[in-house]
Amino acid sequence: MSFETSLEITSELTTADDHGLNLNETELTLGLPGESRGRKLGKKRGLIELKSINDEKNQSNASKASLDDVQLAGWPPVALYRKNMAKNFRFVKVAVDGAPYLRKINLESYGDYQQLQCVLFEIFAYFTVGNYTSDDLEFQNCYKPSFTTETFVPVMHDSFNNSIAQRIKYVSMYEDKDGDWMIVGDVPWMMFVQTCKRIRLMRSSEDINTARRTLSECSVSSC
Amino acid sequence: MALSFPEEVLEHVFSFITSHTDRNTVSLVCKSWYEIERWCRRRVFIGNCYAVSPGIMIRRFPEVRCVELKGKPHFADFNLVPDGWGGYFYPWVCEMSRAYPWLEEIRLKRMVVSDEGLELVSKAFKNFKVLVLSSCEGFSTDGLAAIAANCRNLRELDLRESEVEDLSGHWLSHFPDSCTSLQSLNMSCLSSEVSFSALQRLIARSPNLKTLRLNRAVPLEKLSTLLHRAPQLVELGTGAYSAEARPDVCSNLAEAFSRCKELKGLSGFWDVVPFYLPAIYSVCSRLTSLNLSYATIQSPDVTKIVTQCPNLQSLSVLDYIEDTGLNALSLSCKDLRELRVFPSDPFVADANVSLTEQGLVAVSEGCYKLQSVLYFCRQMSNSALTTIAKNRPNLNCFRLCILEPRAPDYLTLEPLDNGFGAIVENCKQLQRLSLSGLLTDRVFEYIGKRAKKLEMLSIAFAGDSDLGLHHVLSGCDSLRKLEIRDCPFGDKALLANVSKLETMRSLWMSSCSVSLGACKRLSQKMPRLNVEVIDEQGDLDSRPDSSPVEKLYVYRTVAGPRLDMPSFIRNMAQNPTYMR
């Protein structure tokens, strides 16, 4: 039995930042294609930006700082450049049905499906915002034990804030290493990151199985 | 009666003297030598951009062709220097653009460069040849586009480890078809994909290209195409070293590599797929330099490579190499001069790999020419350090980082004073030392007494009292750079050694026990030092003199207090309340 809850459309990028993930590289902005972002890179901050353990008390009495207990600023002395370069990248293309071009995101930037969901929604909203105003769009979360299936459902509201009719549903699908199209959310997150080759937000007013069938029938090159 | 050579003869003699120290010494001999020397000096090195001003440099050396500047303190690499600290290139390039129209080379390290600055470089210097930006920031690929487009005789563009705002890969396409002078290109720090055909064409029309460091976005499948165009390469940095495992692609790559008869250095190797490693085997025997420090490959794969490199002089690697790999290294690479082992998982206290002090001991035993060591590990003992010291008295750089702060000798649970003491006693030419582990004031006594050639010392979480710092400042005759964090060093040692600080380039102390009042007194006593207190809590003006400072950076200067300090940095000479 699925239930729907609506979620605040906020910039979930800050959540990722709290996890110490650097999303600057894939930060999504609503701009015209090809337009320069026109802003400076985020400040040079380490992956773990924390206060120094120092206090005003006598240093010699300070207990042995353990790596497990607290992370020290700038310790161990591995250059920031090196930390950034050592990060893995898992760029996958994201296609939204009806959109004129694709986007690319780095799956390694996200820690779980929640964060991915938010980024996918931003992409979705970007491409569909022409049809609906951002007030009309509501992120509907059809929750099942694993991830969501019919994730993005544009809902129109009348002036009394009653939802009118549900229109088209978008389904988050991904192609795995074997070439099969799967529902986003079926497998554990880490496995998903390792096996996902591309993502598609497929417009479907039908149920999931039809969506799956449709996708496996379409050739890879047309996606 | 003064016998002297004609000026032209002296000038000719001086032209053979290239080291900065020697030229500085020459200029001190007498007034006429000073004059002759300053007119024929072509290369200037400024180790601290705030020690001197652009105007002073230009006034003294009017005919310079090459300038090298360093900005932020070394600890900026580890995020200990707040953003906005300084190190701006623009004021320098502004004045140089007027004074040095024939400037050819600019080398910057840890400076804040801007697109405006790069544009000015590209337009003001008609014969500009070399741009090296090492660990710099503040500019974007637009600035690079200006350099590519306007510098007709560009020989070298090296962006090593800089943080660049990567707007797109289009900048590379700005190199005009007429540009054929490129000898060195390092774009490894950029993430955007450049146009492959533009890159290919650029390489094809650069017959003198010797160094090419690609960025991660250049796919492995296309590497062989590039290598075919540049078989004369001496140093190559690959892009991402992964692709679907296809034997034909691998054999193409292997064949392309085998054509590069001059290849001596390899780097890159991000996202390595071991299937493709054999492609480099044919060049291994010629390699003198190998950087696998981004390659997350396990010990057997790493070992297989290094054991095929008998001429290796410099190796950078992750701790995946493990003790077994280092042992193999010590048996195979007898010409090794420099070893750097980085941690694969620095934030985990438990070892994820089997790399211990034994690996380093083995290398110290087998590699007779080993001079320079950077080693991250999780355990160390006094006996291992003593063994290493006795094996390798020719060490000139020893940087050991035991990941856990204040970790003792894991065998005896004692401090590591004796081990490091052995290092400084045996390695009489030691110029650079980084300490770690549990250390008392005693180690500093040893260092002060024995490390007479030591120029740079890094200390963290060590010592018991001011005595430790005093030993170093009063004993190390050659000390130029001292950087300290989280040590119980304070006012007494600092104020007892004020004159020493003017013989050094700089002193950094953060999270120590230095008081605001001591900083003011130091500044009062030594007017030719900039005593800069960095404190982000925002209430420096109202704090009592007894309160500790967060961070202190002291450096000698002939340029006076700098004018570009952000609000969280104060020069103690300008402190309005210092008379309090």
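This is a predicted model, so every value here is computed, not measured. Just so we're on the same page: letters track the sequence lines, and every chain starts at 1.
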Participant: Using the side-chain hydrogen bond (donor to acceptor under 3.5 Å, both in side chains) criterion, which residues pair with B/Arg160? Sequence neighbours excluded.
Facilitator: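 Result, side-chain hydrogen bond (donor to acceptor under 3.5 Å, both in side chains) vs B/Arg160: B/Asp158.
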Participant: What's the shortest heavy-atom distance between A/Leu72 and B/Phe461, and which atoms?
Facilitator: CD1-CZ, 3.6 Å
Participant: Sequence neighbours excluded, which residues qualify as side chain to side chain contact (heavy atoms under 4.5 Å, CB included) partners of B/Ser434?
Facilitator: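 Once residues adjacent in sequence are excluded, the partners of B/Ser434 under the side chain to side chain contact (heavy atoms under 4.5 Å, CB included) criterion are B/Arg399, B/Ser458.
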Participant: If you compare all heavy atoms of B/Ser293 against all heavy atoms of A/Arg82, which two are closest, and at what distance to 0.1 Å?
Facilitator: OG-NH1, 2.9 Å
Participant: Has A/Trp75 got a side-chain atom pairing as donor or acceptor with B/Leu403's backbone, closer than 3.5 angstrom?
Facilitator: yes
Participant: In Å and rounded to the nearest 0.5 Å, what is the OH to OG distance from A/Tyr81 to B/Ser135?
Facilitator: 8.5 Å
Participant: Just verifying a value: how many Å separate B/Cys189 SG and A/Asn84 CG, rounded to the nearest 0.5 Å?
Facilitator: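 Here the rounded value is 11.0 Å.
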Participant: Using non-hydrogen atoms only, which part of B/Ile402 is less than 4.5 Å away from chain A: side chain, backbone, both, or neither?
Facilitator: backbone
Participant: Is it the side chain or the backbone of B/Ser344 that comes within 4.5 Å of chain A heavy atoms, both, or neither?
Facilitator: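 For B/Ser344, neither part sits under 4.5 Å from chain A.
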Participant: First locate atom CD of B/Glu161, then atom CE of A/Met85, and finally report the distance between them rounded to the nearest 0.5 Å.
Facilitator: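 With rounding to 0.5 Å, CD (B/Glu161) is 9.0 Å from CE (A/Met85).
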Participant: What part of B/Ala460 gets within 4.5 angstrom of chain A, counting heavy atoms only: side chain, backbone, both, or neither?
Facilitator: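 B/Ala460 touches chain A through side-chain heavy atoms alone.
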Participant: Rounded to the nearest 0.5 Å, what separates atom NZ in A/Lys83 from atom CZ in B/Phe342?
Facilitator: 13.0 Å
Participant: Do you know which two heavy atoms are closest between B/Phe376 and A/Pro76, and how far apart they sit?
Facilitator: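 The pair with the smallest heavy-atom distance is CE2-CB, 4.3 Å.
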Participant: Which region of B/Thr440, side chain (C-beta onward) or backbone (N, CA, C, O), has a non-hydrogen atom less than 4.5 Å from a non-hydrogen atom of chain A, or is it both or neither?
Facilitator: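 Neither the backbone nor the side chain of B/Thr440 comes within 4.5 Å of chain A.
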